[in-house]
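Below: one structure, written as structure tokens.
Heads up: numbering here begins at 1 and tracks the sequence. Below, all heavy atoms of this structure are taken into account, side chains as well, without hydrogens, waters or symmetry copies.
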Amino acid sequence: NRRRRSTINLVKELDAFPKVPESYVETSAFGGTVSLIVFILMALLTISEFFVYQDSWMKYEYEVDTDFTSKLKIKIDITVAMKCSRVGADVLDVAGAVIASKELKYDAVSDFKPSIQNRLREEHSLQDVLFKSALKGYFSGPVPQNDSTSNSQNACRIHGKIFVNKVAGNFHIILGKPIDTIRGHAHFASLIKNEAALNFSHRIDNLSFGNDVPGHINPLDGTEKITLEQNMLFQYFITVVPTKLHTSGVSVNMHQFSVTEQERVVSNEKGSHGVSGIFIKYKLSPLMVRVTEEHMPFSVFLVRLCGIIGGIFSTSGLLHRFIGYFVDIVCCHFRLGADQSQENHK
């Protein structure tokens, strides 16, 4: 029993939370107001911290891409303001390999009309939702702007999927159908008459690299270029970045890309040499981006929650004491002044 009592007394001496008898505690309206404000503030910060705990953020890591043997898929959906018999499309890479346009489909559509997709352009600026909101299916893919009610079909929709080597290449749409000759790659356009009617105005409904990701908006989706010039050269310089994306809803190997645009009129008389058409020149980045979705650990949430509660209690206690001390000084000063004035009157 003595050992037990000594053990209990030792534990009592280690008590870091001494209890003050109720008869020694003095309550006040000011203290109650401060306590009410403290409890409300604690509740608001606790709720806010809970929402932070439920949220997630994207972590970006970079590493060297060592995959050079696999093929890269390019998905294309472009409408050009000329008849399908006048234009041809294919890919030529730096290794000299030519991917013929047999894998692409040419569909005659109605007259090309400007119909800029404002929704896509607004979504392009929302980079913060690229991997979070977009991947949850909030955005849908672009819809080809075809007007089947029109009788005239003077435009051509070029679409399909092609598989290329993972090296730099050039996808181009120019006048004439592509052919392979002994001297190299060429487009046969000698039988095409009335070259004055050339018009490479176009709309890119979809241009993507790699695997499809639901809701992902590519930089060139919805892009339209309208020109009244006959010999116009449109160039898109693209840098493709392999990306491994791992989130709570999606785990996929995809490809992002950045693009620089340039357009000019081809005029040999003015020194602006070249071939009129649409040229999409792409190259692959040697670095790969690994994007993972991370959440706050529950242990960190508890530590932050304890910090909020303890910090508010400590800070409010110090402020309460400081304000009380300041009020006591002011009250004592007025009392001393009143006592001295009474003594002077006597």
* Between F279 and F234, is a side chain to side chain contact (heavy atoms under 4.5 Å, CB included) present by the stated rule, with each step listed? -> CA-CA 6 Å; F279 291 82; F234 296 96; over 6 Å; no
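- With contacts defined as side-chain heavy-atom distances shorter than 4.5 Å, the pair I278/V80 qualifies.
- In this structure, Y53 and F298 approach most closely via the heavy-atom pair OH-CD1, 3.6 Å.
- Contact detail for S208 and N206: the closest heavy-atom pair is OG-OD1, 3.7 Å.
- In the hydrophobic clustering of ILVMFWY residues, with side-chain heavy atoms under 4.5 Å counting as a link, L305 and F50 come out together.
- Minimum heavy-atom separation, F171 to Y282: N-CE2, 4.4 Å.
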* For side chain to side chain contact (heavy atoms under 4.5 Å, CB included), just list the numbers for V259 and F237, CA-CA rounded to whole Å, side-chain angles, deciding distance to a tenth of an Å, and then say yes or no. => CA-CA 5 Å; V259 59; F237 301 94; over 6 Å; no
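- Residue G210 comes nearest to H255 through the heavy atom pair CA-ND1, 3.6 Å, listed as atom of the first residue, atom of the second, then distance.
- In this structure the side chain of T223 never reaches within 4.5 angstrom of the side chain of H202, judged on heavy atoms.
- Counting heavy atoms from C-beta outward, R86 and L175 have side chains that approach closer than 4.5 Å.
- Considering every non-hydrogen atom in both C84 and A155, the closest pair reads SG-O, 4.5 Å.
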* Hey, mind stepping through D107 and K105 against salt bridge (charged side-chain N to carboxylate O under 4.0 Å, His left out) and telling me if it holds? -> CA-CA 6 Å; D107 295 336; K105 297 179 181 179; over 6 Å; no
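- Between the CD1 atom of I76 and the CG atom of L104 there is a distance of 5.5 Å, given to the nearest 0.5 Å.
- The neighbour count for L44 CG, taken as heavy atoms of other residues, nucleotides or ligands under 6.0 Å away, is above 12.
- Side-chain atoms of V275 and L233, non-hydrogen and from C-beta on, never get closer than 4.5 Å to each other.
- Between the side chain of N211 and the backbone N or O of N253, at least one donor-acceptor pair lies under 3.5 Å.
- F301 and V303 fall into different hydrophobic clusters, where Ile, Leu, Val, Met, Phe, Trp and Tyr side chains are chained together by heavy-atom contacts under 4.5 Å.
- If you take CZ on F313 and CZ on F39, they are separated by 5.0 Å, rounding to the nearest 0.5 Å.
- Looking only at side-chain heavy atoms (C-beta outward), K281 and H172 stay at 4.5 Å or farther from each other.
- Here the shortest heavy-atom pairing between E229 and T227 reads N-OG1, 3.1 Å.
- L287 has its side chain out of reach of D65: every pair of non-hydrogen atoms, C-beta onward, lies at least 4.5 Å apart.
- Between atom NZ of residue K59 and atom CD of residue E294 there is a gap of 4.5 Å, rounded to the nearest 0.5 Å.
- In this structure, S285 OG and Y62 OH are separated by 10.0 Å, a value rounded to the nearest 0.5 Å.
- Going from atom CD of E49 over to atom CE of M42 covers 13.0 Å, rounded to the nearest 0.5 Å.
- In terms of hydrophobic clustering, with Ile, Leu, Val, Met, Phe, Trp and Tyr side chains grouped at heavy-atom distances under 4.5 Å, V167 and V164 are assigned to different clusters.
- E63 is listed as a side-chain neighbour of R290, based on a closest heavy-atom distance under 4.5 Å.
- No donor-acceptor pair closer than 3.5 Å links the side chain of Y236 to the backbone N or O of Q262.
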* To do: Would you check, one step at a time, whether the test salt bridge (charged side-chain N to carboxylate O under 4.0 Å, His left out) holds for R157 with D205?
  => CA-CA 10 Å; R157 179 191 172 201; D205 288 311; 5.5 Å; no
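- Within the 3.5 Å criterion, the main-chain N or O of D67 finds a donor-acceptor partner in the side chain of K166.
- Annotation: side chain of L207 is in contact with side chain of I204 (closest heavy-atom distance under 4.5 Å).
- In terms of the salt bridge (Lys or Arg N to Asp or Glu O under 4.0 Å) criterion, residue partners of E263 (sequence neighbours excluded) are, by chain and number, K225.
- Judged by distance alone, the side chain of S48 and the main-chain N or O of L45 form no donor-acceptor pair under 3.5 Å.
- Of the possible donor and acceptor atoms, one in the side chain of T243 sits under 3.5 Å from a partner among the backbone N and O of V241.
- Under the 3.5 Å distance criterion, with hydrogens and angles disregarded, a donor-acceptor pair is assigned to the side chains of H246 and S251.
- Residue V252 is grouped with residue Y60 when hydrophobic side chains (ILVMFWY) are merged at heavy-atom distances under 4.5 angstrom, including chains of intermediate members.
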* To do: Evaluate the criterion side chain to side chain contact (heavy atoms under 4.5 Å, CB included) for residue pair T239 and L284; output intermediate values, then yes/no.
  => CA-CA 6 Å; T239 300; L284 276 81; over 6 Å; no
* **Test log, rule side chain to side chain contact (heavy atoms under 4.5 Å, CB included), inputs I238 and F209** => CA-CA 11 Å; I238 292 177; F209 295 82; 4.1 Å; yes
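- Rounding to the nearest 0.5 Å places CZ of F163 at 10.0 Å from CD1 of I74.
- Placement of L319 and I37 in two distinct hydrophobic clusters is found when ILVMFWY residues are connected by side-chain heavy-atom separations under 4.5 Å, directly or transitively.
- Atom NZ of K283 is surrounded by 12 or fewer heavy atoms from other residues, nucleotides or ligands within 6.0 Å.
- In this model, a donor atom of one side chain and an acceptor atom of the other lie less than 3.5 Å apart for N165 and K71.
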